[in-house]
Amino acid sequence: MNNLELKNRDLDVLWHPCTQMKDHETLPLIPIKKAHGIYLEDFEGNEYIDAISSWWVNMFGHTNSYINSKVKEQLDTLEHVILAGFTHEQVVRLSERLVKLTPDGLDKCFYSDNGSSAVEVALKMSYHAHLNDGNGNKNTFVSLKNSYHGETIGALSVGDVELYKDTYKPLLLQTIQTAVPKDMSIESARDAACGFEELCKEKADEISAIILEPLVQGAGYMHMYHPEFLVLVREICDKYNVHLIADEVMVGFGRTGELFACEVANISPDFIVLSKGLTGGYLPLSVVLTSNEIYAKFYCDYNEHKAFLHSHSYTGNALACAAANATLDIFENENIIEKNRELSAYMGDKLQKFKELENIESIRQTGMICVVELKGYSSEQRIGLKVYQYGLKNGVLLRPLGHVVYFMPPYIITHAEIDKMMDTAYDAIKLL
């Protein structure tokens, strides 16, 4: 097997995600034979630093020996069982640990397969909880401008990135968008919170929940804002009987400097949505955690018909839960958050170099997420594609969001590898 052979076989049968397939008439696919640590390797022995954690999922490197061993161990015991009427040790242990690790008041776990599906769970659960309280008119959801929450119909409905949403508008739920803080200042956080409160004053009787990505809007070009906004939104939600859904699919599990982004603001949401890093980048799994108070609204005699009738075939999959438990073991045993803070500081120092370039609009950072935003380019110029191609030629997988180049590597990256990653991006931008 070689690169060319697998590329040709692929194009005969595969339709790739988030891709204009015609591009691959001139843009080669990169067939990956194997991976180790932060490196992906093709069939010709070329290696690429995975600077984006394979779409933000990988925590501790590819083919991590510890996670491998735990998944293999589970494979010989139980691969999967229906979670309706049955249970298993891995899902119970994982749930116990998540309840302890997440912010106070998140007491129950509901599993699904991926981030978009988990967002759907949280939206439905929020509305249904209000309905069970006799407030069926609270059927509207609020999200932030420039937000992204996934690509299933409900998740897409509460998003606000035109690139993903505009085509499907006739299919979507009607939602309301409120202002996101325009920058990382506390003043803009307070201004945006005032706007949300004005909306609640007018429409709280109709609003079920606000859903937001704490601190960093991922697919929204890695826009970042001050944690004070979360503090104020929590207060407003309490005041107007509106649920707060924290979509931590991307920012959870150490990306922001704490294990969960909500901890930076010292708040507890009514629902937290987790996926991506939950299994260390190994297997599809997501979870929504909520309070005992909300759980109690569904707890009744069968004939009252208040149960939450939502399910996925692979809910609480045993192999995925084994990978998740192994991932939490690494967090627990290796002081990862402190190590990440040191790596974040090093990345932040390296980020300053980009200020020298004339085509830089801004740089910004939250924890292990670093961003370089370019200026002076139109979307038709496909600047991000040029950076991507330069990166691959020089052994680094960068996948910019349009004119926004970002770095979100696995947590095992070394200083030398950070140098390689960021210097390659610097050279690519300098050559534009």
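Here the structure is a predicted model, which means the values were calculated and not measured. The analysis underlying the following values was restricted to heavy atoms, covering all of them including side chains, and did not include hydrogens, waters or symmetry mates. We're numbering straight along the sequence, starting at 1.
- Looking at Glu206, its side chain never comes within 3.5 Å of a backbone N or O of Lys203 through a donor-acceptor pair.
- When all heavy atoms of Thr424 and Gly391 are compared, the pair lying nearest together is CG2-CA, 4.0 Å.
- Not one N or O on the side chain of Thr279 forms a donor-acceptor pair closer than 3.5 Å with the backbone of Ala320.
- Contact between Ile153 and Leu171 at its shortest, heavy atoms only, is CG2-O, 3.7 Å.
- Side chains of His24 and Thr19 form a contact here, defined as non-hydrogen atoms less than 4.5 Å apart.
- Looking only at atom types and distance, the side chain of Thr256 has no donor-acceptor partner in the side chain of Thr366 under 3.5 Å away.
- No donor-acceptor pair under 3.5 Å is formed between the side chain of Asp50 and the backbone N or O of Leu40.
- A donor-acceptor pair under 3.5 Å is formed between the side chain of Asp183 and the backbone N or O of Ser185.
- Within the structure, ring pair (Phe, Tyr, Trp, His ring centres under 6.0 Å) contacts touching residues 207-226 (residues at least two apart or in different chains) are Tyr221-His403, Tyr225-Phe229.
- With hydrogens and angles ignored, the 3.5 Å screen pairs a side-chain donor or acceptor of Gln381 with a backbone N or O of Ser378.
- Distance check, rounded to the nearest 0.5 Å: CD1 of Ile38 to CD of Glu417 gives 3.5 Å.
- For Tyr39 against His62, the heavy-atom pair with the smallest separation is O-CD2, 4.3 Å.
- Screening Val91, Leu278, Val92 against Cys321 for a side chain to side chain contact (heavy atoms under 4.5 Å, CB included) leaves a single residue, Val91.
- Here the OG1-CG distance, from Thr102 to Leu289, works out to 5.0 Å after rounding to the nearest 0.5 Å.
- Residue pairs meeting the side-chain hydrogen bond (donor to acceptor under 3.5 Å, both in side chains) criterion with at least one member in residues 116-127, sequence neighbours excluded, are Asn114-Ser117, Glu120-Thr152, Lys124-His310, Ser126-Ser208, Ser126-His243.
- Within a 6.0 Å sphere centred on NZ of Lys165, other residues, nucleotides and ligands contribute more than 12 heavy atoms.
- Residues Asp329 and Arg93 are paired through a salt bridge, judged by an N-O separation under 4.0 Å between the basic side chain and the carboxylate.
- Partner Val233 forms a side chain to side chain contact (heavy atoms under 4.5 Å, CB included) with one of Val242, Asp238, Val142, Leu212 and no other, that one being Leu212.
- Of all heavy-atom pairs between Gly220 and Asn146, the closest is O-ND2, 2.9 Å.
- Within the 4.5 Å cutoff, no side-chain heavy atoms of Val273 are placed close to those of Ile211.
- The number of heavy atoms from other shown groups lying within 6.0 Å of NZ (Lys353) is above 12.
- Checked by atom type and distance alone, the side chain of Asp107 pairs as donor or acceptor with a backbone atom of Asn292 at under 3.5 Å.
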(message) I'd like to know whether Leu319 forms a side-chain contact (heavy atoms from CB on, under 4.5 Å) with His80, so could you lay out the CA-CA distance, the side-chain angles of the two residues, the decisive distance to 0.1 Å, and finally the verdict.
(response) CA-CA 7 Å; Leu319 292 175; His80 180 65; over 6 Å; no

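- Proximity of Phe271 to Phe110: side-chain heavy atoms (C-beta onward) are nowhere separated by under 4.5 Å.
- In this structure a side-chain-to-backbone donor-acceptor pair under 3.5 Å is present from Ser275 to Leu285.
- Side-chain atoms of Asn359 come within 3.5 Å of backbone N or O of Ile429 as a donor-acceptor pair.
- Side-chain contact between Leu29 and Leu14 is absent, with no heavy atoms from C-beta onward closer than 4.5 Å.
- Residue pairs satisfying the salt bridge (Lys or Arg N to Asp or Glu O under 4.0 Å) criterion with at least one member in residues 368-386, sequence neighbours excluded, are listed as follows: Asp23-Arg382, Arg364-Glu373.
- Closest non-hydrogen pair, Ile337 versus Gly254, comes out as CD1-CA, 3.9 Å.
- Within the structure, salt bridge (Lys or Arg N to Asp or Glu O under 4.0 Å) contacts touching residues 264-293 (residues at least two apart or in different chains) are Arg234-Asp270.
- Within a 6.0 Å radius of NZ in Lys145, other residues, nucleotides and ligands contribute 12 heavy atoms or fewer.
- Side chain of Glu248 to backbone of Cys262: a donor-acceptor contact under 3.5 angstrom is found.
- Nearest heavy-atom pair, Ile207 versus His130, reported as atom, atom and distance to 0.1 Å: O-NE2, 4.5 Å.
- Between His128 and Phe308, the angle of the ring planes lies from 30° to 60°, which puts this pair in the tilted group.
- Checked against side chain to side chain contact (heavy atoms under 4.5 Å, CB included), Glu338 has the following partners two or more places apart in sequence or in another chain: Asn335, Arg341.
- Once rounded to the nearest 0.5 Å, the distance linking CG of Asn340 with CE of Met368 reads 5.0 Å.
- Sorted by first and then second residue, the salt bridge (Lys or Arg N to Asp or Glu O under 4.0 Å) pairs with a member in residues 151-164 form an empty list; sequence neighbours excluded.
- Residue-environment remark: CD (Glu342) exceeds the threshold of 12 foreign heavy atoms within 6.0 Å.
- Residues that satisfy the salt bridge (Lys or Arg N to Asp or Glu O under 4.0 Å) test with Lys138, not counting sequence neighbours, are absent from this structure.
- Partners of Asn64 under the side chain to side chain contact (heavy atoms under 4.5 Å, CB included) rule, at least two apart in sequence or in another chain, are Phe60, Tyr66, Ile67, Tyr282, Ile330.
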(message) If you apply the rule side-chain contact (heavy atoms from CB on, under 4.5 Å), what do you find for Glu332 with Arg97, and how did you get there?
(response) CA-CA 11 Å; Glu332 184 177 302; Arg97 298 173 85 180; 3.3 Å; yes

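- Counting heavy atoms from C-beta on, the side chains of His415 and Leu343 come closer than 4.5 Å.
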(request) Could you walk me through whether Asn266 and Val231 pass side-chain contact (heavy atoms from CB on, under 4.5 Å), step by step? (result) CA-CA 8 Å; Asn266 195 29; Val231 175; over 6 Å; no

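- Val249 is not listed as a side-chain neighbour of Trp56, based on a closest heavy-atom distance of 4.5 Å or more.
- The salt bridge (Lys or Arg N to Asp or Glu O under 4.0 Å) pairs that include a residue from residues 189-201 are Glu197-Lys239, Glu198-Lys201, where partners are two or more places apart or lie in different chains.
- Take Ser268 and apply the side chain to side chain contact (heavy atoms under 4.5 Å, CB included) test, not counting sequence neighbours, and it matches Pro103, Asp104.
- Sorted by first and then second residue, the ring pair (Phe, Tyr, Trp, His ring centres under 6.0 Å) pairs involving residues 149-205 (not counting sequence neighbours) are Tyr148-Tyr164.
- Ile369 places a side-chain heavy atom less than 4.5 Å from the side chain of Met250.
- Shown here are the side chain to side chain contact (heavy atoms under 4.5 Å, CB included) partners of Thr77, two or more places apart in sequence or in another chain: Gln74.
- Judged by distance alone, the side chain of Lys339 and the main-chain N or O of Glu334 form a donor-acceptor pair under 3.5 Å.
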(request) Dump the intermediate steps for side-chain contact (heavy atoms from CB on, under 4.5 Å) on Tyr426 and Glu356, then the final yes or no. (result) CA-CA 10 Å; Tyr426 178 91; Glu356 303 168 3; 2.9 Å; yes

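- Side-chain contact between Phe260 and Pro214 is absent, with no heavy-atom pair separated by less than 4.5 Å.
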